[in-house]
Amino acid sequence: WQIADQIVINPTNIAEIRFPQLPPNLIRRPTLVLKIDNENTGIQQIEVSYLTGGMDWKADYILLLNPKENQGDLNSWVTVTNQSGIEYPNAKLQLVAGQINRVTDQGQAELLRDNMVSMGAKAFAPGLTSAALSEYYLYTLDRPITLNNNQTKQISLLEQSGINITKKFMLTGQLRYYQDFNSADSIPEKIGVYYSFKNSQQNKLGQPLPAGIVRVYKSDSVEGQQFLGESRIEHTPRDEEITIQTGEAFDLVAERKQTSYQRINDKVAEYAYEIKLRNRKSEAVMIQVKEPLFGDWEILKSSVPFQKTNASLATFQIPVPAGKEVILNYRVRVKY
């Protein structure tokens with residue numbers, strides 16, 4: 001304790017020790033002390049860098065859809081948190097986005113998905129700019145920032161309006177449908193709602209986007225913005241497609257029924273499925289049905305054309321008129 005001009009140890013106990021002042025070599029808090037010999041004439045500028053914990057940042061996005069849901073406004077900001085134990089007054093802020101390999105206390109390598117923060121003492125003009133840094137991206141805030149200990153600040157990353165968006169409806173099957181006989185009469189399934197856009201200059205974007213959560217909103221009939229759902233995106237370079245799942249369609253219904261099962265031998269079986277798609281909307285929609293398969297498979301018959309998207313996926317594009325039902329029937333042979 002410091003009482004008046006003295007330093008007091010154990011002020012409430014019988015054995016009380018008083019000092020007129022602290023010794024100059026006594027350091028009361030964790031401190032890094034550097035002794036540097038300048039063998040040259042004149043003043044030298046020294047830069048010291050070190051790694052510390054307690055600094056973190058994340059990116060968040062807001063996508064506001066227009067009434068037709070074919071365009072939207074994308075806003076983003078970064079949230080910086082300082083829990084390092086010290087404050088950084090008028091500092092230069094740099095944010096590193098990427099997956100950086102670090103070694104844990106147990107000596108094992110760990111791939112960190114967290115972003116990195118760099119604090120310095122240099123400032124520029126206003127703005128947050130990005131630049132490639134080896135296999136990562138460096139975002140530099142071009143103005144000084146004061147970040148106190150245990151403080152969180154938000155900084156605007158981008159604001160762009162009128163980007164083109166594609167809305168998709170998707171039904172995805174499961175591998176377990178092709179591993180045994182399914183005796184259920186029908187299986188109700190949900191149709192997912194997705195929004196995708198290209199991160200390109202032609203689409204008014206075209207800059208590296210750090211990983212974060214995208215929250216999707218749309219204005220309702222009384223001009224209020226309603227939350228539609230959210231999805232996390234990974235670090236996305238320019239010219240790549242971004243797809244966000246917001247939830248499940250209310251007015252689209254799907255039912256699956258296994259209509260046939262035949263075991264040819266111990267390693268070959270045939271499955272037949274009927275998938276009913278009902279559209280209770282007032283406009284026609286396109287529903288993408290994705291059927292994951294395994295082994296050596298072949299679709300023997302299908303009521304709708306399909307595409308072998310990859311070695312374990314068959315994709316059907318099925319238009320469903322407003323207020324109508326469309327049935328997909330197909331038969332597949334699987335060799336285990």
Side-chain angles (χ1 to χ4, degrees), residues 59-77 156-173 188-255 275-290 304-307 309 315-328:
D60 290 279
Y61 302 84
I62 293 293
L63 178 61
L64 179 60
L65 301 175
N66 68 350
K68 294 183 178 180
E69 300 185 19
N70 59 357
Q71 287 189 337
D73 301 337
L74 183 65
N75 298 322
S76 175
W77 65 92
S156 176
L157 178 63
L158 68 88
E159 295 181 4
Q160 191 56 263
S161 60
I163 64 175
N164 294 321
I165 296 174
T166 301
K167 185 177 182 180
K168 302 176 182 179
F169 298 103
M170 191 180 304
L171 173 65
T172 303
E189 294 187 309
K190 299 294 185 179
I191 298 176
V193 182
Y194 298 81
Y195 297 90
S196 63
F197 58 90
K198 193 75 172 291
N199 180 24
S200 63
Q201 289 186 347
Q202 293 81 1
N203 201 25
K204 302 180 181 180
L205 292 172
Q207 69 178 65
L209 300 179
I213 296 177
V214 182
R215 295 175 176 87
V216 182
Y217 290 81
K218 182 181 178 181
S219 297
D220 58 22
S221 58
V222 292
E223 301 301 326
Q225 294 183 7
Q226 300 300 328
F227 177 61
L228 300 185
E230 64 184 14
S231 185
R232 178 175 177 82
I233 65 171
E234 298 301 324
H235 300 298
T236 306
R238 64 180 183 180
D239 296 329
E240 290 296 320
E241 189 89 4
I242 295 177
T243 300
I244 306 159
Q245 181 180 10
T246 57
E248 297 169 343
F250 192 97
D251 290 326
L252 300 179
V253 181
E255 286 184 354
I275 301 176
K276 295 181 179 181
L277 303 173
R278 292 189 289 274
N279 179 13
R280 302 309 185 193
K281 291 175 170 289
S282 58
E283 69 272 0
V285 298
M286 177 72 72
I287 300 178
Q288 186 179 79
V289 178
K290 291 187 173 183
V304 177
F306 73 95
Q307 180 182 5
T309 311
T315 302
F316 304 82
Q317 300 287 352
I318 304 176
V320 184
K324 300 295 183 179
E325 178 184 79
V326 175
I327 300 177
L328 165 64

- [ ] With sequence neighbours left out, write down each residue that passes side-chain hydrogen bond (donor to acceptor under 3.5 Å, both in side chains) with N75, or none if nothing qualifies.
- [x] none
- [ ] Report the distance from atom CD of Q207 to atom CG of N199, rounding to the nearest 0.5 Å.
- [x] 7.0 Å
TODO: For T309, enumerate each residue passing the side-chain hydrogen bond (donor to acceptor under 3.5 Å, both in side chains) test, keeping only those at least two apart in sequence or located in another chain.
DONE: T315
Task: Shortest non-hydrogen contact from D73 toward G162 - done: OD1-N, 3.1 Å
TODO: State the CD-CG distance between Q202 and N164, to the nearest 0.5 angstrom.
DONE: 11.0 Å
- [ ] Of all the heavy-atom pairs spanning G72 and I165, show the shortest one and how long it is.
- [x] N-CD1, 3.6 Å
Without placing hydrogens or testing angles, list every side-chain donor-acceptor pair under 3.5 Å for residues 316-325, not counting sequence neighbours.
unit_1 : atom_1 : unit_2 : atom_2 : d
E325   : OE2    : R278   : NH1    : 2.9

- [ ] Any ring-ring contact (aromatic ring centres under 6.0 Å, His included) involving residues 198-222? Give me the pairs, sequence neighbours left out, ordered by first then second residue.
- [x] Y217-F227
Open item on the list: How long is the straight-line distance from CD of Q245 back to CD of E230, given to the nearest 0.5 Å?
Closed with: 11.5 Å
Task: I62 side, atom CD1; D60 side, atom CG - distance, nearest 0.5 Å - done: 7.5 Å
Task: Distance (rounded to the nearest 0.5 Å) between Q71 CD and I163 CD1 - done: 9.0 Å
Task: Test salt bridge (charged side-chain N to carboxylate O under 4.0 Å, His left out) applied to D239 - qualifying residues, sequence neighbours left out - done: none
Task: By side-chain contact (heavy atoms from CB on, under 4.5 Å) - contacts of S76 (at least two apart) - done: Y61, L157, L158
Task: Counterpart residues, side-chain hydrogen bond (donor to acceptor under 3.5 Å, both in side chains), relative to Q226 (two or more places apart) - done: D220
- [ ] Have a look at K276 and tell me which of V253, I327, V326 forms a side chain to side chain contact (heavy atoms under 4.5 Å, CB included) with it.
- [x] I327
Open item on the list: So if I apply the side chain to side chain contact (heavy atoms under 4.5 Å, CB included) rule between L63 and each of T246, I242, V214, which one comes out positive?
Closed with: V214
Open item on the list: For the CD1 atom of I275 and the CG atom of L171, what is their distance to the nearest 0.5 Å?
Closed with: 6.0 Å
- [ ] For K218 and L228, work out which heavy atoms get closest and say how close.
- [x] CB-CD1, 3.8 Å
Open item on the list: I'd like to know if the side chain of N279 and the backbone of K281 have a donor-acceptor N/O pair within less than 3.5 Å.
Closed with: yes
Task: Set of side-chain hydrogen bond (donor to acceptor under 3.5 Å, both in side chains) partners for N66, sequence neighbours left out - done: N70
- [ ] Would you list the pairs meeting salt bridge (Lys or Arg N to Asp or Glu O under 4.0 Å) in which at least one residue belongs to residues 189-206, sequence neighbours left out?
- [x] E189-R256
Open item on the list: Would L277 and V289 count as a side chain to side chain contact (heavy atoms under 4.5 Å, CB included) here? Give the steps.
Closed with: CA-CA 10 Å; L277 303 173; V289 178; 4.1 Å; yes
TODO: Search all heavy atoms of S231 against all heavy atoms of I244 and return the closest pair with its distance.
DONE: CB-CG2, 3.3 Å
Open item on the list: Per the salt bridge (Lys or Arg N to Asp or Glu O under 4.0 Å) rule, what does the pair list look like for residues 157-168, sequence neighbours excluded?
Closed with: E69-K167
